[in-house]
Structures are given as C-alpha cells and as structure tokens.
Number of protein chains: 2
Amino acid sequence: MRRHDNVTSLDVARRAGVSQSAVSRTFTPGASVSKRTREKVEKAAEDLGYRPNSLARAMITGRSRIIGLVVAYLENQFYPVAIERLSRALKDEGYHMLIFLTENSDTMVPEVVNDLLDYRVDAIVTASVAMSDELTAQCDAAGIPVVMFNRGQDDERISSVTSDNVSGGRDVANFLLAGGHQRIAHIAGWQESSTGRDRAKGFVEGLAERGEEPFIVVDSHYDPNEAKRLTREIFSKQDRPDAVFVGNDHMAFAVMDALRFDIGLRVPSDVSVVGYDDVPISSWAAYDLTTIRQPVNQMVAATVEAVIDRIEGGIQPKQVRIPGPLIVRGSARKPEISS
Amino acid sequence: MRRHDNVTSLDVARRAGVSQSAVSRTFTPGASVSKRTREKVEKAAEDLGYRPNSLARAMITGRSRIIGLVVAYLENQFYPVAIERLSRALKDEGYHMLIFLTENSDTMVPEVVNDLLDYRVDAIVTASVAMSDELTAQCDAAGIPVVMFNRGQDDERISSVTSDNVSGGRDVANFLLAGGHQRIAHIAGWQESSTGRDRAKGFVEGLAERGEEPFIVVDSHYDPNEAKRLTREIFSKQDRPDAVFVGNDHMAFAVMDALRFDIGLRVPSDVSVVGYDDVPISSWAAYDLTTIRQPVNQMVAATVEAVIDRIEGGIQPKQVRIPGPLIVRGSARKPEISS
DNA sequence: AGCGGGAATGCATAGGATTGCAAAAATCCG
DNA sequence: CGGATTTTTGCAATCCTATGCATTCCCGCT
C-alpha cells in the first residue's frame with residue numbers, strides 16, 4: 001500500500017529556506033511575518049501543495065473548530081432546512097459540523113455525546129434532542145458548551161434557542177376562535193418535549209382566556225402515523241371537532257391526508273387545520289397550510305451567536321425565545337374581517 | 001478564563017501505577033495487556049473521567065475516522081433520508097461524518113474539499129455534487145478516496161454509487177406506453193448531471209424502442225420552481241401532453257400542484273405523472289405518486305462498503321449501479337391488465 | 001531445577017503544528 | 001551615526017497518544 005507522505009510545514013520551511021515557525025506564522029492570521037518571508041513560504045507551500053494539518057493545529061491550540069450536531073431524525077423537513085442554514089452560518093465563522101443522528105433515548109444520546117467529547121468538539125448543538133442532567137454535567141465538566149436548538153430547558157447551564165411556543169400556541173387559539181370554531185381539538189406534540197408542552201400550554205391558555213376549552217388534547221409523540229391514527233379515531237365519531245391544531249406541520253400533513261382521504265372531510269370547509277413550523281411544504285398548494293412560522297433564520301443566527309459567545313467569549317449560557325408570526329393560508333377558515 | 005485541564009493518558013497511568021503505554025493499550029482493541037493492568041487502568045480512567053483524545057490518536061495513526069460529506073441542498077427529501085441512513089451506517093463502522101453544505105459550483109466545491117483535506121478526513125462522499133477533474137486529482141494525490149453518491153462519473157479514479165437511472169427511465173417509458181399514453185412529456189433533471197442525463201436517455205430510448213417519441217423534453221435544472229413554470233407553459237396550450245415524466249419526485253410534487261391548482265387538470269384522469277426517487281412524501285395520499293424507487297438502503301450500503309474498502313483495503317475504485325423498481329401508485333393511469 | 005517461549009510491560013520516539021522567549025534584524029529619531 | 005525601539009526570526013518545549021523494540025515476567029515442560 002502506497003504511503004502518501006504528507007508534506008509538512010518542515011518540508012515547506014526547508015524549501016523556502018526559513019524556520020518551521022515562519023511557516024506556521026504565515027498560515028496563522030495575525031502572526032508576525034515580514035512580507036518577504038511570507039512570499040517565500042507561500043511560494044514553497046504552493047509548489048509542494050502544502051496545507052496546514054487541522055488536527056495538529058487542534059491538538060495544540062485546544063480548539064478543533066468543530067461543532068458537534070446531534071439530531072434525532074430528518075424526516076420532519078424543519079430539521080434539514082435548519083441544518084442547512086446552520087452549516088452555512090457556522091462555515092462563515094470558520095467552524096465545521098460533525099453530525100450525529102441518534103434516537104432521543106437515554107442510551108444513545110450519551111453514547112453519541114461521548115463520541116463528540118472524544119473529538120474535542122468546541123461545542124455541541126442538539127436539535128430536537130433532550131439531554132439528561134448527568135450528560136449536561138459531563139459536558140460542563142469537560143468545558144464544552146451545549147446549545148439546544150428548538151428545545152427548551154430549565155437547566156441554566158445550557159443555552160437554548162426556541163421560538164416562542166407558548167405565544168404561538170396562544171395565537172393559534174385566538175385565530176381559530178376568531179374564525180368561529182366551537183370545537184377545537186389539539187393533536188399535540190410530544191409532551192415530554194418543551195416544544196410540545198409549550199405549544200399545548202399556550203393553546204389551552206389562549207382558549208381559557210376566552211372562556212373556552214379544547215375539544216380534546218392528545219399526545220402524538222410527534223409521530224405522523226400516530227397523528228393519523230388519532231385523527232381517524234377522533235374524527236370518525238358523530239360528534240367531531242370543527243378544527244384541529246396539530247403539534248407540527250409534518251404531522252399536520254398526515255392529519256390532512258387522513259381527514260381528506262380516509263374520512264372524506266373537506267379542509268377547511270368541514271375542518272380547519274393549523275400546524276406549527278412553516279416548513280417549505282406548508283406552502284405547497286396541495287396542503288396550503290395555515291401555521292405558525294418558526295423563524296429559522298433568526299433561530300439559527302441566535303444559535304450560532306450563542307455557540308460563538310460561549311466558545312470565544314466565555315459568556316454565560318442564555319435562553320433565547322424568538323416569536324414567530326402566524327402564516328395564514330387556506331387550510332383553516334379565516335375570521336370575518338371586522339370593519 | 002478557566003483552563004479545563006484535560007485528563008490525559010499520563011494522568012491515568014500515574015494513578016494506576018503503570019506506564020502510559022499500558023493505558024494506551026487498554027484502550028486499543030487487540031493490544032496486549034494483562035487482565036490485571038487493564039482493570040487497574042479502567043478503574044483509574046473511570047475515576048478521572050478519562051477518554052482517549054481522538055485528535056491525538058488521529059494524528060499518530062494517520063486515520064481520523066472522519067468521513068467528509070459534501071451535499072448541495074437538503075430541500076429534496078431524498079438527501080436528508082440518505083444522510084440519515086449514511087450517518088447511522090458509518091457510525092456502526094466507527095466512522096463519523098463531517099458535513100458540508102455547498103453550492104454545486106466551481107468555486108465553492110474546491111473550497112469545501114480543501115477544508116476537508118485540512119481535516120485529514122479518511123474519505124469524501126459527495127451527494128448530488130460533481131467534482132472537477134482537477135479536484136479529483138487533488139484528492140487522489142492526497143490519498144483520499146472519493147465516493148460519489150447518486151451521481152455517476154466517467155473518471156475511473158472515483159467510486160460512484162447510483163441507481164440504474166437508464167433502466168429506470170426506460171421502465172417509466174414502458175409503463176406509460178402500456179397505460180396507453182400518446183403524448184408523453186419529460187420535465188427532465190439537470191442535463192449536466194449524470195442522473196438527469198441517464199434518466200432522460202433511458203426514457204427516450206424506451207420510447208424509441210416502441211417507435212415513439214417524447215412529446216417534449218425540457219431541462220428543469222432540478223429546480224421545482226422552474227419545473228412549475230415549465231408545466232404551466234407546456235400544459236396551458238391547446239395541444240398538451242397526456243402524461244409527464246418528471247426528473248425527480250421533489251419536482252413532481254411541484255408539477256402536480258401546478259397541474260391541479262394552477263391549470264385545473266386532474267391527475268391521473270387528465271394527465272399522468274411519474275416521478276423518480278420514491279421519497280417518503282410520494283406515498284402521502286395528497287400526491288400518491290407513481291415513481292421509480294431509488295433503493296436508498298442498498299445505495300447507502302454500497303457507499304459505505306466502497307468507502308471502507310478503499311480506506312482499509314486499498315481496493316480500487318468501482319462504479320456501482322443498483323436497479324430500482326417502479327412503484328405504482330395513483331398518480332398515473334395504470335395499464336389494463338392483459339389476461 | 002533449568003530452559004524455552006509467549007505474553008506483558010516500559011522506554012523512547014514520532015506525528016505536525018503553535019507559541020513564549022530571547023536573539024537578531026530592521027526601523028526610527030534626534 | 002548611535003542608541004532606542006519595534007519587528008522578525010529561530011529555538012525549543014508542548015499538545016496527547018500509538019507503537020517498535022528491548023526487557024522482564026510468567027508458565028509449562030523435561
């Protein structure tokens with residue numbers, strides 16, 4: 001097997017007739033090198049095809065410039081889109097992303113986090129994944145900041161970035177009430193997750209403020225198949241809701257399919273449907289889903305900021321909550337315009 | 001700023017009363033350590049919370065156990081799904097994924113690849129991204145194997161894994177002809193990409209074998225908006241196709257939306273639509289898309305195998321092409337069952 | 001008891017870069 | 001032009017682990 005003798009800074013140094021330090025310095029922004037040596041080094045590096053070894057650099061500086069991303073699943077389009085933005089934003093800051101897919105379980109997450117710690121990532125971003133206290137402590141002890149994306153957390157040691165799910169839920173309640181709906185069901189997101197809980201909470205509160213109660217609230221565990229099953233169950237009875245707020249868009253599509261194709265109801269004339277996220281598919285004509293937009297760009301920006309702050313500035317963790325607007329489309333009856 | 005003094009193998013060695021080598025050996029599978037020292041070391045490591053530093057290990061072994069993934073965009077659900085599978089499969093083999101999102105351009109791809117080379121990744125997997133000859137040569141010189149996922153390549157130095165797009169295209173042609181369609185359009189994938197070309201080629205050949213010609217073939221550049229525009233253009237004329245084969249599912253959805261909601265045609269009674277990929281959305285009732293399945297699992301398995309072979313075995317690059325079945329659903333008129 | 005051989009251990013080096021420190025060179029300024 | 005700075009430069013130590021080699025240990029066998 002052919003060994004590819006990597007060209008090192010020493011090789012470059014020899015060829016350029018300078019010390020190895022000089023080479024290092026030409027490739028370190030802000031280091032002190034004269035124009036002449038820099039040119040010599042650059043020439044030699046070019047000739048030899050030299051590029052600094054990031055791993056060696058990471059070893060000595062103690063920064064890998066790698067961010068670990070832990071994400072549970074990508075079927076819900078919200079995450080791929082967010083990851084895409086996140087990756088781009090981090091690249092602009094000179095960071096790279098080591099990605100891990102995992103189940104949101106008590107056995108897999110620690111395993112994955114250990115792998116990340118082994119790679120001495122500079123920070124960990126979790127998306128749709130919760131961290132146990134134990135794990136949090138472990139990262140904290142290792143001095144590795146954790147930022148949770150789209151999942152809140154009471155633990156003060158962890159930064160989190162979410163949209164304002166409570167007010168989002170409340171907005172949905174108000175919108176549906178304004179549309180004259182009487183019997184509003186909620187197929188809620190996973191009640192073990194902060195997003196699921198908060199959206200449900202805001203929604204129920206919103207109804208309560210107007211003296212109303214939800215027709216029913218059920219936990220879908222963020223599983224579209226489960227959501228479908230629940231839809232069939234709830235809507236095939238005689239006394240059925242006239243509107244449903246679904247915990248996220250991805251499930252809302254499944255719900256709409258079930259309503260239209262399994263049960264034969266029409267949206268929105270028979271039932272109004274509202275989702276949460278505003279993923280790209282929501283604007284597709286087949287669904288045209290009214291939903292709360294999660295401001296992905298702002299959320300990503302906040303995440304990157306939180307990450308960088310903690311890595312470079314040593315700033316304390318913070319909890320960011322960004323409000324998102326209601327996007328009115330055709331899947332839910334609209335309120336009469338009151339003059 | 002507090003320095004988190006990382007615990008090193010030396011610390012563990014001291015505490016366990018053994019040499020640093022012994023520590024290293026306990027954490028290296030297959031190395032020669034007695035049960036007694038192993039236990040002492042494990043105990044000490046546990047106490048101190050020691051975990052071997054992957055970066056240091058990578059430096060000395062020359063393997064980072066990191067695979068670089070370059071992918072152009074994640075809106076097309078085919079890629080997130082594939083990435084998810086890929087990540088899991090690689091993890092099982094002890095590899096991790098450094099992910100890069102890029103445009104499929106001549107300026108960005110080299111930039112990204114350089115970043116990857118800097119991290120001394122063990123291999124590069126590209127998804128929906130083409131590599132210039134120059135770049136290929138560069139990776140080759142660095143001894144880093146490249147595997148292209150879902151994109152073919154003439155260059156023998158690169159492994160590629162695709163489905164059999166030519167035969168897939170042909171199958172579509174046959175299916176639509178068997179369904180009695182007379183005027184079949186093709187809103188093709190990007191003709192600069194092998195997938196786009198091959199699917200179009202197989203389709204046109206398939207028609208030709210039965211003495212037919214496509215109604216029209218246009219290049220959508222894999223852009224759903226462009227596909228929509230083309231759909232409106234093609235189908236709003238008097239003399240319109242009675243079927244359309246779309247270059248991938250993601251565009252097929254856009255096409256169906258345009259047909260139904262912009263033009264007011266019905267699928268499949270007015271127009272049959274066939275896609276390519278069989279992403280999860282295709283089976284959603286709202287689209288119920290007839291399509292060619294890309295066998296993601298097999299493709300991922302082949303990709304992982306190709307990667308590992310080249311890293312560990314030094315096997316030569318190879319081109320893998322896996323056939324995928326036609327999945328018949330409701331978006332295209334079905335052939336009469338001939339007794 | 002003595003010997004042979006495999007297993008276990010430790011020593012020391014390597015891997016490729018960054019960086020504090022001190023020496024050398026270049027620059028400034030009166 | 002000489003001394004005082006400032007800028008460049010090189011030396012050498014450091015980051016953390018893997019591993020070839022030499023040595024020691026242990027065990028079984030005659």
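Numbered from 1 within each chain, the chains take letters A, B, ... in sequence-line order. Remember, it's a predicted structure, so these values are computed and weren't measured experimentally.
Partners of Arg310(A) according to the side chain to side chain contact (heavy atoms under 4.5 Å, CB included) rule, which considers only residues two or more places apart in sequence or in another chain, are Pro145(A), Ser159(A), Pro317(A). With sequence neighbours excluded, no residue forms a ring pair (Phe, Tyr, Trp, His ring centres under 6.0 Å) with Tyr73(B). In this structure Tyr119(A) satisfies the ring pair (Phe, Tyr, Trp, His ring centres under 6.0 Å) test together with His96(B), sequence neighbours excluded. Remark: Tyr50(A) pairs with Phe27(A) by the ring pair (Phe, Tyr, Trp, His ring centres under 6.0 Å) rule, at least two apart or across chains. In this view, Arg14(A) and Leu10(A), Asp11(A) satisfy the side chain to side chain contact (heavy atoms under 4.5 Å, CB included) rule, not counting sequence neighbours. Ser19(A) pairs by the side chain to side chain contact (heavy atoms under 4.5 Å, CB included) definition with Ser21(A), Ala22(A), not counting sequence neighbours. Residues meeting the side chain to side chain contact (heavy atoms under 4.5 Å, CB included) test with Ile315(B), sequence neighbours left out: Asp309(B).
Rounded to whole Å, the distance from CG on Leu48(B) to P on dC16(D) is 13 Å. Whole-Å rounding puts the Leu10(B) CG to dC11(C) P distance at 11 Å. Per the geometry, CG belonging to Asp118(B) stands 10 Å off P belonging to dA17(C), to the nearest Å. When the P atom of dC16(D) is taken as reference, atom OH of Tyr119(A) falls 17 Å away, rounded to whole Å. Look at CG on Asp11(A): it is 13 Å from C1' on dA17(C), rounded to the nearest Å. Straight-line distance from the CZ atom of Phe27(B) to the C1' atom of dT17(D): 12 Å, rounded to whole Å.
Taking five base pairs at each end of the helix from dA1(C)-dT30(D) to dG30(C)-dC1(D), the local helix axes there meet at an angle of 30°, rounded to 10°.
Among residue pairs with one or both ends in residues 17-37 of chain A, none qualify as salt bridge (Lys or Arg N to Asp or Glu O under 4.0 Å); sequence neighbours excluded.
Within the 4.0 angstrom heavy-atom criterion, base atoms lie near Ser24(A).
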So which protein N/O to nucleotides 7-10 of chain C N/O distances come out below 3.5 Å?
residue, atom, partner, partner atom, Å
dA8(C), OP2, Ser32(B), OG, 3.3
dA8(C), O3', Ser34(B), OG, 3.3
dT9(C), OP1, Ser34(B), OG, 2.9
dT9(C), OP1, Thr37(B), OG1, 3.1
dT9(C), OP2, Ser34(B), N, 2.9
dT9(C), OP2, Ser34(B), OG, 3.4
dT9(C), OP2, Thr37(B), OG1, 2.8
dG10(C), OP2, Ser19(B), N, 2.9
dG10(C), OP2, Ser19(B), OG, 2.9
dG10(C), N7, Arg25(B), NH1, 3.2
dG10(C), O6, Arg25(B), NH2, 2.7

Check: protein-nucleotides 22-25 of chain C nitrogen or oxygen pairs below 3.5 Å:
none

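The residues Arg15(B) and Glu46(B) are annotated as not salt-bridged, no charged nitrogen and carboxylate oxygen being separated by less than 4.0 angstrom. Ion pairing between Arg38(B) and Glu42(B) holds under the 4.0 Å rule for side-chain N and carboxylate O.
Closest approach of Ala123(B) to Ile144(B), counting heavy atoms only: CA-CG2, 3.8 Å.
Contacts with DNA chain D (heavy atom under 4.0 Å) in residues 50-60 of chain A: Met59(A), Ile60(A), listed by number.
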Where do Leu101(A) and Leu74(A) land on the side chain to side chain contact (heavy atoms under 4.5 Å, CB included) test, with the steps shown first? CA-CA 9 Å; Leu101(A) 281 150; Leu74(A) 300 182; 3.9 Å; yes
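Looking at Ser160(B), its side chain never comes within 3.5 Å of a backbone N or O of Gln319(B) through a donor-acceptor pair.
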